Amino acid sequence: MRRYSPKVIEAKWQEKWYDSGVFKAQNGSKKKKFYLLVEFPYPSGDGLHVGHCRSYTALDIIARKRRMQGFNVLFPMGWDAFGLPTENYAIKKGVHPSVVTKKNTDNFRSQMKNLGLSFDWSREINTTDPKYYKWTQWIFVQLFKNGLAYKAKIDINWCPKDKIGLANEEVVDGKCERCGTKVVKKEKEQWLIKITNYAERLIKDLDLVDYSEKIKIQQKDWIGESHGALIKFPVEGVEENIEVFTTRIDTIFSGTFLILAPGHNFIDKYKNKIENIDEVLKYSKEAKNISDLDRTNLDKDVTGVQLKGITVRNPATNEEMPVWTADFVLEQYGTGAVFADAHDKRDFKMAKKYGIPLRTSIKPEDEIFSQKAKNLEECFEGEGILYNSMQFDGLESAHARPQIIAWLGGKGFAQPKISYKLRDWVFSRQHYWGEPIPMIFCKKCGWQPVDEKDLPVELPKIKKYKPTDTGESPLSAITKWVEVKCPKCKGDAERETDTMPNWAGSNWYYLRYCDPKNNRELANEKLLKYWMPVDWYNGGMEHTTLHLLYSRFIFKFLWDIGAVPKSIGSEPYQKRTSHGVVLAEDRRKMSKSWGNVINPDTVIKQYGADTLRIYEMFMGPFEQMIPWDTKGVVGSHRFLEKIYKLAQKKVSMKTDESLRKVLHKTIKKVSEDIDLMKFNTSVSSMMEFANAWQISKTGLDKKDFAEFLKVLSPFVPHLSEELWSNAGFLGLCCQQKWPKYDEKLIKEEKILLIVQINGKVRDRIEVDFGIEQKQAEKIVLKSEKIKNLLTDDKKVVKVVFVANKLINIVTIDKNA
RNA sequence: GCCCGAGUGGCGGAAUUGGCAUACGCGUGCGACUCAAAAUCGCAUUUCCUUACGGAAUUGUGGGUUCAACUCCCACCUCGGGCACCA
């Protein structure tokens, strides 16, 4: 008997598949298309992580199944290769980043091929290829031309270790997402993209797509939409209003003071009117030096300074209100000003500290106002019933709001307003290894985009790509490259030396796969029409608020300007799923420093790719975080060895009837589970089948064996292919038609009827499928076990019968 | 603080609509093969009581609905994730 040797088998079939081009997606095919996308990796020097293998294998299974179901499948792969780790490695070793990238992508590609993944390699893309980033730059130029890219001097989040500016999205707990260094503020001229213009649509259009509720909620929370009102507070003595955004206009009648963010431009504009301007400016300056993290620390004491000499009028009560500044009011949110009252904890705390008068105007519903709150010893923040509020007395908060907006609106003091937490996207990085921003600054003409025919602006090959401490891009030192003619007036001008963030290339890569070699446009319209949208996109949960949001935004923009056909629809991804992280055996993250990393190459060497694939599918639910178990790999390997043996021993002339039933149940289960990404239960059902096969008398006939190989093949393609050819079947197993199960064979003729007394299982009796209640009762009452339990002192009060499942006899004690 | 998700054997986990809790795999124990070991195969394996037949308890905790609850409702505990002086 032959032994299962994956090493020989796997190399052989990989060669056959890749040489024959069976995984190539066909442009313009009559078949129904299916575009399946898995996030392309950053090709790090560490090689593939077993977590990569897990999500790629999962999507590979879906791709293989869809092909067998007759779809024209596009399942591509590429490299998101710009980024810091490569740059850092290059600096340390003195090798050019492009050399490092080449080495890493070659390694990744060969690892993926060793896994037997069915990617269409003819469509491979690389974000660092000038032919690719030409179009990344082209998109930037379009953003600029449409007024969505602008340069502004802003406080950026600066990571002193990586020497790079970070987007808000890349700052976690006030620390650099990548290296964990505490982020500091630095004022710099930066390119920004107006993603905020799309905030509303990015929320609304989530209704059009099939994403899990969790993903939708995360996106919505991140964008942070809140409905409220804009209120004007007239400033006494000057023709000026201070605008305030609020979601709680129902509390307006208790508003007794106004608070401005320390950086609010009113302060600068009216510095002559503010009597204590020195004190105010000193406070502003201090506030600026406090990081956002400290500023938003809830335990911190509230501080503030009154703007003496300034008062505003509350448009609802007509009372004069003092104006303060406090650092808990943020410049970037709303209008950078709030009206303050007794129904907000921070306002309350501040008023108590500085002796500012307070008044309440909301009391809790169905409840007597607590004495403490009434005496202003405690803050009531909830919604409730209005009082002290003129004609609105007695209304509930929610009902009062639109009415107050309408009333104040009638006098020109208020209007409905929606506010977002999402901020414009900081798009500049001061690093070498990224796409140059294709802009030119001319003293006469201002910022001008590089002429589209001159794209790409290639990254010059230089020796010193180390980032500078000053925050200037290393590209700024290359005078020859920087000095350029203005595209408009042809006078002397200078290139932008900042590069794009590493999200830039991944914003639109899924479009490029449709037409990866096009040099005239980002992708051909016809091909986009055929392939887009992506039918199914899988990626990590960690990309939900970053990559997923950015790329949806960029797609919408391209759709708006007609760069992609309207017929695709306004969303790039029809369906989005996410995978769980694979943890190390010690349940920590895999990390070189912990020494707990599992290398897929080692697993493949020892057990083969098929074992790795099926183990990673079997280990647990796909979306769930799951620890690696080296012992578990052995179990998966045993399963494959068992199949290899059975294929030699138990394929005969005739299939056992009972085994055929199990086979068809397995076909049904696997077919359904793959689409639901329930790979773990698919595998266990195939294991159950193998067990049944093993104990069967005659085993399987050739036809049924072929059916089993087909359902097995997406999971363990090499072994299936080998057994397929060993059995003398024609063609490739991966090109067969996906099997159908026979409904008749799945139905049972006999079932085990569960017999319960008072809900407890007392017996199991084999009966015919479809048995009637009366018949069942008769049989049940004959059972010795049941007879013994239904003694004379018990009275049957009810019999519950569930067809083909169970019968439950409910009794009571006669004596009781 | 707010919003999601989860809690089932020694371990990873399974369980259409409420209808046999613990499938499948790991581990462990016993046995077969072997001079021996590994590998392989067979049997057992939720816990407790019982020599056994059998019985009882059990899906984070406490209550509820129901003939019947891992599944539905209420309260709480623990863990994971997201957001957070956001007006």
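Labels below follow one simple rule: chain letters A, B, ... track the order of the sequence lines, proteins then strands, and each chain is numbered from 1. It should be emphasised that the depicted structure is a prediction, and the values quoted were computed from it without experimental measurement.
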Novice: Would you say A:R587 places a side-chain N or O within less than 4.0 Å of OP1 or OP2 belonging to B:G12?
Specialist: yes
Novice: Would you tell me if any nitrogen or oxygen in the side chain of A:R638 comes within less than 4.0 Å of OP1 or OP2 on B:G27?
Specialist: yes
Novice: Under 4.0 Å, counting only non-hydrogen atoms across every strand here, what does A:K345 touch: a base, just sugar-phosphate, or nothing?
Specialist: nothing
Novice: Are A:N758 and B:A68 close enough that a side-chain N or O sits under 4.0 Å from OP1 or OP2?
Specialist: no
Novice: Could you tell me how far apart A:Q332 (CD) and B:C86 (P) are, to the nearest whole angstrom?
Specialist: 13 Å
Novice: Mind calculating the distance between CG (A:L752) and C1' (B:G19) to the nearest angstrom?
Specialist: 14 Å
Novice: Is there a ring-ring contact (aromatic ring centres under 6.0 Å, His included) between A:Y615 and A:W628 once you walk through the steps?
Specialist: CA-CA 10 Å; A:Y615 169 65; A:W628 187 266; 5.0 Å; yes
Novice: Starting from C1' on B:C2, measure out to CD on A:E225 and report it in whole angstrom.
Specialist: 18 Å
Novice: OP1 or OP2 of B:C86 sitting under 4.0 Å from any side-chain N/O of A:R346?
Specialist: yes
Novice: Would the A:F348 and A:H343 ring centres measure less than 6.0 Å apart?
Specialist: no
Novice: In terms of side-chain geometry, is the basic nitrogen of A:E383 or A:R401 positioned less than 4.0 Å from the acidic oxygen of its partner?
Specialist: yes
Novice: Tell me whether the side-chain N or O atoms of A:N808 pair up with the base of B:C67 as donor and acceptor below 3.5 Å, since no angle test is needed here.
Specialist: yes
Novice: Does a side-chain N-to-carboxylate-O contact under 4.0 Å join A:R346 and A:E381?
Specialist: no
Novice: Please state how far atom OH in A:Y4 lies from atom P in B:A39, giving the value in whole angstrom units.
Specialist: 18 Å
Novice: If you assign each of A:R248 and A:K798 to its closest nucleotide in RNA chain B, which residue comes earlier from the 5' end?
Specialist: A:K798
Novice: Name the nucleic acid region contacted by A:T335, choosing base, sugar-phosphate or nothing; use a 4.0 angstrom heavy-atom cut-off, strictly under.
Specialist: nothing
Novice: If you compare every side-chain N and O of A:K678 against the phosphate oxygens of B:A15 (OP1, OP2), does one of them come in below 4.0 Å?
Specialist: yes
Novice: Using a cut-off of strictly less than 4.0 Å, decide whether A:N691 has a side-chain nitrogen or oxygen near OP1 or OP2 of B:G25.
Specialist: yes
Novice: Categorize A:K785 for me: base, sugar-phosphate, or nothing, with a 4.0 angstrom heavy-atom threshold over every strand shown.
Specialist: nothing
Novice: Taking atom P of B:C2 as reference, at what distance in whole Å does atom CD of A:Q218 sit?
Specialist: 19 Å
Novice: Nearest heavy atom decides the nucleotide; on that basis, is A:R762 or A:Q756 closer to the 5' end of RNA chain B?
Specialist: A:Q756
Novice: As a test of reading the structure: which of B:A87, B:C67, B:G13 is closest to the side chain of A:F245, going by heavy atoms?
Specialist: B:A87
Novice: Taking CD1 from A:I223 and C1' from B:C83, how many angstroms apart are they, rounded to a whole number?
Specialist: 13 Å
